[in-house]
Amino acid sequence: MTNFKRYTLTAALPYANGPLHIGHIAGAYLPADTYARYLRLRGEDVAFICGSDEHGVAITLGSRKEGVTPRAFVDKYHQLMKKAFEDFGISFDIYSRTSNPVHYETAQEFFRTIYDKDLFIEETSDQYYDEQEGIFLADRYIIGTCPNCSNPNAYGDQCEKCGTSLSPKQLINPRSTVSGNTPVLKPTKHWYFPLDKFEGWLKEWLIEGHKDWKTNVYGQCKSWLDQGLQPRSITRDLDWGIPVPLPDANGKVLYVWFDAPIGYISATKEWKPNDWQKYWKDPETRLIHFIGKDNIVFHCIIFPAMLKAAGEYILPDNVPANEFLNLEGEKLSTSRNHAVWLHEYLQDLPGRRDELRYVLTSISPETKDADFTWKDYQQKVNSEMVSILGNFVNRVMVLTWKYFDGKVPSEHELPGTDDRRKRVLSLYTQAHADLDKAVKDMADALKNFRFREAQFQMLNLSRIGNKFLADTEPWKLAKEDMEAVGCILNYALTIVGNIALAMEPFLPDGAASICKQLNSDLKQSRKNFWEKEAMVHIVPQGHSLGKAELLYRNVEDTEIEKQTERLKKHQPVVQAAAIDNPVKPLKSEIVFDDFAKLDIRIGTVTAAEKMEKSNKLLKLRVDDGLGGRTILSGIALHYTPEEMIGKQVTFIANLAPRKMMGTESQGMILMAEDKDGKLKLVSPINEVSSGSQVS
RNA sequence: GGCGCGGUAGCUCAGGUGGUUAGAGCGUUGGAUUCAUAACCCAAAGGUCGGGGGUUCAACUCCCCCCCGCGCUACCA
């Protein structure tokens, strides 16, 4: 890593449609911040870049819901997030936003550069159009039944319930969220980025060239590349976003996924208007993206391909993506309000920034999903931060005040004239070796993005310090050999100072507190520490210490109870919200003839089996009074084949047959969708003969 | 269904080109101690390394099958 001259670190641009929660922090911002702090301490040239991602349909949707303009909407969340980051102490060099003019210029220029190379594909295709509103419906404006999990309110680009990405045409019963009407397909022109043309290059660069990436990252990229890439549309019909900078592109904007990563570049421009290029175009700059796993493909495949297409830009050297964080055993959920919001945490637990940093780093989802629980938070704070770290610092301070009135005692070597002193010396030698190793291990872990381990080694310094005190027992020696006590405490203070230095990337507030107690900014020591990656000298003999202060306080039961209560309370709110809007808007009116076209009948299921190779389809044999027919139905997640047999079902008898998974389905079973997305059979209350018509 | 990542002590995690009694921290239990925020220090208990087969003198580590978690991907007329 020494052959890079500078670093560009990016943390995923948070989407400006809601506040930040601890999952965001643990996934990207905290590891990025820790790394950025570490690099700066080493004296590296660092650009730590982030900003709000403010385009896309979810923003327009959200603003509509709140009855404000998109601009006002993103202003609100941008300010909220920016402040939360600041208050929490994430040390971005710049926190920008994609609605800035400089970003508009940069993104448009980026588009033009690739456009001028004639790389884009221009294509007209059918998209859903809301005739009543007279607008094309972006993916997010269309809801319908998710083909994957049957969630009745899946969006056109993704089902929030099962997380599957979708395209609007996959939705069953698509509806416009603007008018509630069923949209129609209408042609519109869009530009596509030819990802497929970069497949060969990506395989070379990524699969061959970056075997050093984390296995979860590398594995997912390989999976994508093996499946083959396709051109991706990079424009949308929308009035909120960056206009496509072409004459024949009225009403078209850049797709948010295209413009967002460019936001890293424009933010750098905003930060260093005259000097930004070296952070993006100099091969001696190391570009690192900190993201959560949901962003892997965009940062490892799509954005690099974009950068490559534009030319001149450097490519990410590493993308240390984290997995997800759960909360009390369940997924974090914005809509269900199952989350610890950063701004709420900072308000409820003021002065406890380090505590959250410590706990989130200690459970950092580096290799698999992790779980945050308040009980665990309390335990880690109390038994590790308070008992081991804070207590060690405190006892050294108190001892020094007690025996030496707050003046740093002897820094001379202790002459080993008797057995007792020889023992102290040997304990010192052992401690010193252990400490050096811990510092080295910590630095190595930091270099490799293993923050959990790095922080563990940091804490190890206190463990070794505690042992050193317990073994040398200065409070006993004080009765007989004050010279020895002075040497012991001098070294203990050295450990305390080195702990402060080691804490700086992880626990900046505590580090500052120790500096204050040591009455020193540790400026010179700091430089040596990160250069040598070993224990360094801290303060000279005779130096006056500040007053002893407790570094961290225990978390009381009542404090975490308040938090867990808050989580429980959130859930009813959620249900209320769901009840608020459980019923879909009415479809547009039809005439009797429309209804009469449908031939709805009751049939009896005579046989049922799971479709091979499908986890949603059941293959049903239905007695329709006409010799029976085969109907495939996507209900395998709701009914087992066994319980279907003998049931009476309602089905559309004159629907055109459709082949699925190699089998023809001759009709459609009617199901009621409960508000939780569960499907329930629609059956006559009393049994009727098979083939009875419904009218 | 296909693909990817993961499944190691109560909890959070290490580990290994296969090789003596599988490691750490926290928690628990016992002991010691008092400088310290009932903290620290020592010790112990605690694991058939997801399950089953196979390769091997030897597998937790390699191969095959299966189960579970998470994610990506396909099928709900």
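Values in this document were obtained by computation on a predicted structure and should not be read as measured data. Both backbone and side-chain heavy atoms feed into the values below; hydrogens, waters and symmetry mates do not.
Here A:Leu551 lies in heavy-atom contact (under 4.0 Å) with a base. Residue contacts for A:Val398: at a heavy-atom cut-off of 4.0 Å it reaches the sugar-phosphate backbone alone, with no base atom in range. If you check every strand for non-hydrogen atoms under 4.0 Å, A:Asp369 touches sugar and phosphate atoms only. Residue contacts shown for A:Tyr218 are absent, as no nucleic acid heavy atom lies under 4.0 Å away. Residue-level contact check: A:Lys476 touches the backbone only, with heavy atoms under 4.0 Å from sugar-phosphate atoms and none from bases.
As rounded to the nearest Å, B:U34 and B:C49 have P atoms that lie 44 Å from one another. Across B:U17 and B:A58, the matching C1' atoms stand 15 Å from one another, rounded to whole Å. Between B:G53 and B:G71, the distance separating the two C1' atoms is 29 Å to the nearest Å. Separating the P atom of B:U73 from that of B:G54 is a span of 39 Å, rounded to the nearest Å. Using atom P as the reference point in both B:A14 and B:G7, the two lie 8 Å apart (nearest Å). The gap from the C1' atom of B:G4 to that of B:C41 amounts to 46 Å, rounded to the nearest Å. Separating the P atom of B:C62 from that of B:G69 is a span of 24 Å, rounded to the nearest Å. B:A59 and B:U21: their P atoms are spaced 12 Å apart (whole Å).
In the set B:C41, B:A39, B:C5, B:A39 carries the atom at the smallest distance from any side-chain atom of A:Asn391. For A:Asn466, counting side-chain heavy atoms from C-beta on, the closest listed nucleotide (B:A36, B:C41, B:U34) is B:C41. Nearest to the side chain of A:Ser387, among B:C72, B:C35, B:A39, sits B:A39. Out of B:G71, B:G7, B:U33, the shortest distance to the side chain of A:Phe324 is found at B:G71. Minimum atom distance to the side chain of A:Phe456 is reached by B:A24, of the listed B:A36, B:U37, B:A24. Relative to the side chain of A:Lys331, the nucleotides B:C70, B:C11, B:U37 differ in distance, and B:C70 lies closest. You'll find that the side chain of A:Glu384 is closest to B:C26, out of B:C26, B:C70, B:C13. Residue A:Ser383 has its side chain nearest to B:G27 when only B:A24, B:C13, B:G27 are considered. For A:Arg463, the side-chain atoms get nearest to B:C26 when compared with the rest of B:A24, B:U34, B:C26. Ranking B:C3, B:C11, B:A36 by closeness to the A:Asp376 side chain, first place goes to B:C11.
Taking a pair to require two hydrogen-bonding distances under 3.5 Å in either a Watson-Crick or a G-U wobble arrangement, B:U37 remains unpaired. When both pairing distances are held under 3.5 Å, B:G23 makes a Watson-Crick or G-U pair with B:C13.
Applying the 4.0 Å criterion to OP1 and OP2 of B:G6, one finds that A:Lys293 has every side-chain N and O outside that range. Dashed line: the shortest gap from a side-chain N or O of A:Arg452 to OP1 or OP2 of B:A14 is under 4.0 Å. Listed pair A:Thr215 / B:G6 meets the phosphate criterion, a side-chain N or O lying under 4.0 Å from OP1 or OP2. Between A:Thr367 and B:A14 there is a side-chain N or O to OP1 or OP2 distance below 4.0 Å.
Side-chain polar atoms of A:Tyr377 and A:Glu355 form no donor-acceptor pair below 3.5 angstrom. Counted by atom type alone, A:Asn448 and A:Glu453 present zero donor-acceptor pairs between their side chains at under 3.5 Å. Side chains of A:Asn216 and A:Glu323: a donor-acceptor N/O pair is present below 3.5 angstrom, by distance only.
One atom, CG of A:Leu469, and another, P of B:C41, lie 10 Å apart when rounded to the nearest Å. For A:Ile363 and B:G25, the CD1 to P distance is 20 Å, given to the nearest whole Å. A:Lys380 has its NZ atom 8 Å from the P atom of B:U12, to the nearest Å. Atom CD in A:Gln379 sits roughly 15 Å away from atom P in B:G25 (whole-Å rounding). Protein atom NZ of A:Lys467 is 17 Å distant from nucleotide atom C1' of B:A39, rounded to whole Å. Separating the CG atom of A:Leu550 from the C1' atom of B:A36 is a distance of 9 Å, rounded to the nearest angstrom. As a whole-Å value, the separation of A:Asn394 CG from B:A38 P is 10 Å. Atom pair A:Ile301:CD1 and B:U73:C1' shows a separation of 13 Å (rounding to whole Å applied).
A centroid separation of less than 6.0 Å is found between the aromatic rings of A:Phe198 and A:Phe193. Within the 6.0 Å centre-distance limit, the rings of A:Trp374 and A:Phe372 are counted as a close aromatic pair.
Taking OG1 of A:Thr558 as the start and CD of A:Gln563 as the end, the distance is 11.0 Å to the nearest 0.5 Å.
Under the 30°/60° scheme for interplanar angles, the aromatic rings of A:Tyr491 and A:Phe468 are found to stand perpendicular. Taking the six-membered ring for Trp and thresholds of 30 and 60 degrees, A:His299 and A:Phe303 have ring planes more than 60 degrees apart, a perpendicular arrangement.
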